[in-house]
Amino acid sequence: MPGCFKKTLFALASLISFVSFILIVVAMGIPKWMTGKILCKTGADLVNATDPELVKFIGEIYYGLFRGGKIRQCGLGGRRSKFTIFPHMVKKLNTGLHVMIIMFLCVAIFFSLVSFGFCILNAIKVPYRAINGPAGACLWNFLAGGFVVLGVTSFMAAVKLHHLTERIANFRENVFRFVILEERFEDCFWICVASATAHAVNLLLIAISGIHFPKIKTKTEEVNVTAEDIMY
């Protein structure tokens, strides 16, 4: 049986792995990875809008991995619309990269659950095989965190290098052209960053569990029994 200190560390690591699993699932389901402001350039050019008038042509956009929405401002008031990435819009995006982001996060979900199971196992007993012990727990946490990092990095590449927001904003816009004025990574993106950080914390906890602290030995006093003590 593992010691109390080791039990506590692995129990905490298992809790962190489960929280990481929940965070990734929630992040994938909520369409708040990116928000931004979009300018209806076509409408602004038609009326030669100056700085004070540009406000009437600036809308908003938000999206996640599967769906999103936008507010179009082309001089006649805001028009709200919602969209889904699959199955139609993904053809206009970098399909391979977008699918890779989702796959990376799905694999990270799997490894988060595996690391949760391994941490529970190490909290309950000392495994006979080394791969089932702290080494295995380290491996699964490293893989889970690594795949989250790959997913987050791929999403950043899609936004910055492949102009993901601009492509989404101009999807099925035959008359107007939209230009991106501002982009912000939102809560779901940072939730995934927090998930990767959680697995890094787990690696630290597992490393600490392997440290052997010196035991404090207490000096026992010798008991001298005399004849008078026996009489009493």
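Computed from a predicted model, the values in this text were never measured in an experiment.
The aromatic rings of Phe104 and Phe147 lie tilted to each other, with the angle between the two planes from 30° to 60°. The aromatic rings of Phe86 and Phe66 sit tilted relative to each other, their planes meeting at an angle between 30° and 60°.
Distance check: Cys74 SG to Ile58 CD1 gives 12.0 Å after rounding to the nearest 0.5 Å. Rounding to the nearest 0.5 Å places CD1 of Ile61 at 10.5 Å from CD1 of Ile71. Distance check, rounded to the nearest 0.5 Å: CG of Leu105 to CD1 of Ile102 gives 8.0 Å. We find the SG-CG distance between Cys138 and Leu203 to be 5.5 Å, quoted to the nearest 0.5 Å. Distance CD1/Ile109 to CG/Leu113: 8.0 Å, rounded to 0.5 Å. Considering CG of Leu39 and CG of Asp45, their distance stands at 8.0 Å, rounded to 0.5 Å.
Counting heavy-atom neighbours within 6.0 Å of Arg80 CZ, excluding the residue itself, gives a total of 12 or less. Around CZ of Arg167, the count of heavy atoms belonging to other residues, nucleotides or ligands within 6.0 Å exceeds 12. Shown here is Phe18, whose CZ atom has no more than 12 heavy atoms of other residues, nucleotides or ligands within 6.0 Å. The local environment of CZ in Phe185 is crowded, with over 12 non-hydrogen atoms from other residues, nucleotides or ligands closer than 6.0 Å.
Annotation for Ala169 and Ile38: closest pair CB-CG2, 4.1 Å, computed over non-hydrogen atoms. Scanning both residues, Cys192 and Val152, for their nearest heavy atoms gives CB-CG2, 3.6 Å. Heavy-atom minimum distance, Cys119 versus Ala13: SG-CB, 3.7 Å. Taking both residues in full, the closest heavy atoms of Val148 and Ala108 are given as CG2-CB, 3.4 Å, listed atom of the first, atom of the second, then distance. Taking every heavy atom of both residues into account, Pro134 and Phe10 meet most closely at CG-CZ, 4.0 Å. Closest of all the heavy-atom pairs between Phe118 and Ala137 is CD2-N, 4.1 Å.
Ile191 and Val201 fall into different hydrophobic clusters, defined by Ile, Leu, Val, Met, Phe, Trp and Tyr side-chain heavy atoms under 4.5 Å apart, directly or through other members. Leu97 and Met103 fall into different hydrophobic clusters, defined by Ile, Leu, Val, Met, Phe, Trp and Tyr side-chain heavy atoms under 4.5 Å apart, directly or through other members. No single ILVMFWY cluster, assembled from side-chain heavy atoms under 4.5 Å apart, contains both Val19 and Val114. Ile85 and Ile24 fall within the same hydrophobic cluster, where Ile, Leu, Val, Met, Phe, Trp and Tyr residues are linked whenever their side-chain heavy atoms come under 4.5 Å apart, directly or through other members. One hydrophobic cluster, built from ILVMFWY side chains closer than 4.5 Å, holds both Ile168 and Val159.
In summary, the side chains of Thr35 and Tyr63 do not present any donor paired with an acceptor at a separation below 3.5 Å, with no hydrogens or angles considered. Between the side chains of Ser112 and His199, at least one donor-acceptor pair of N or O atoms lies under 3.5 Å. Judged by distance alone, the side chains of Thr84 and Arg67 never bring a donor and an acceptor atom under 3.5 Å apart.
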Glu186 vs Met34, side chain to side chain contact (heavy atoms under 4.5 Å, CB included): CA-CA, chis, key distance, verdict: CA-CA 5 Å; Glu186 287 296 337; Met34 179 68 67; 6.0 Å; no

Decide side chain to side chain contact (heavy atoms under 4.5 Å, CB included) for Phe116 and Phe21; before the verdict, give the C-alpha distance in whole Å, the side-chain angles of both, and the deciding distance to 0.1 Å. CA-CA 9 Å; Phe116 168 72; Phe21 159 74; over 6 Å; no

Could you walk me through whether Lys32 and Cys188 pass side chain to side chain contact (heavy atoms under 4.5 Å, CB included), step by step? CA-CA 6 Å; Lys32 278 288 183 178; Cys188 293; 4.1 Å; yes

Step by step, would you call Met100 with Leu150 a side chain to side chain contact (heavy atoms under 4.5 Å, CB included)? CA-CA 9 Å; Met100 279 176 60; Leu150 286 175; over 6 Å; no

Set out, in order, the CA-CA distance, both residues' side-chain angles and the distance that settles salt bridge (Lys or Arg N to Asp or Glu O under 4.0 Å) for Glu183 and Lys160, then state yes or no. CA-CA 10 Å; Glu183 290 176 315; Lys160 299 300 181 182; 3.7 Å; yes

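In this view, Ser115 and Ser17 satisfy the side-chain hydrogen bond (donor to acceptor under 3.5 Å, both in side chains) rule, not counting sequence neighbours.
When side chains are defined from C-beta on, Ile206 does not count as touching Leu9, because their heavy atoms never get closer than 4.5 Å. Contact annotation: the side chain of Phe189 approaches that of Met156 to within less than 4.5 Å [non-hydrogen atoms, C-beta and beyond].
With Phe57 as the aromatic partner, Lys41 does not meet the cation-pi criteria of under 6.0 angstrom to the ring centre and within 45 degrees of the ring axis.
With hydrogens and angles disregarded, no donor-acceptor distance shorter than 3.5 Å links the side chain of His162 to the backbone of Ala157.
Salt bridge annotation for Glu173-Lys70: present, with a cationic side-chain nitrogen under 4.0 angstrom from a carboxylate oxygen. Comment: Arg177 engages Glu166 in a salt bridge, judged by a side-chain N to carboxylate O separation of less than 4.0 angstrom.
Among Tyr62, Trp190, Phe155, the one residue that satisfies the ring-ring contact (aromatic ring centres under 6.0 Å, His included) test with Trp33 is Phe155.
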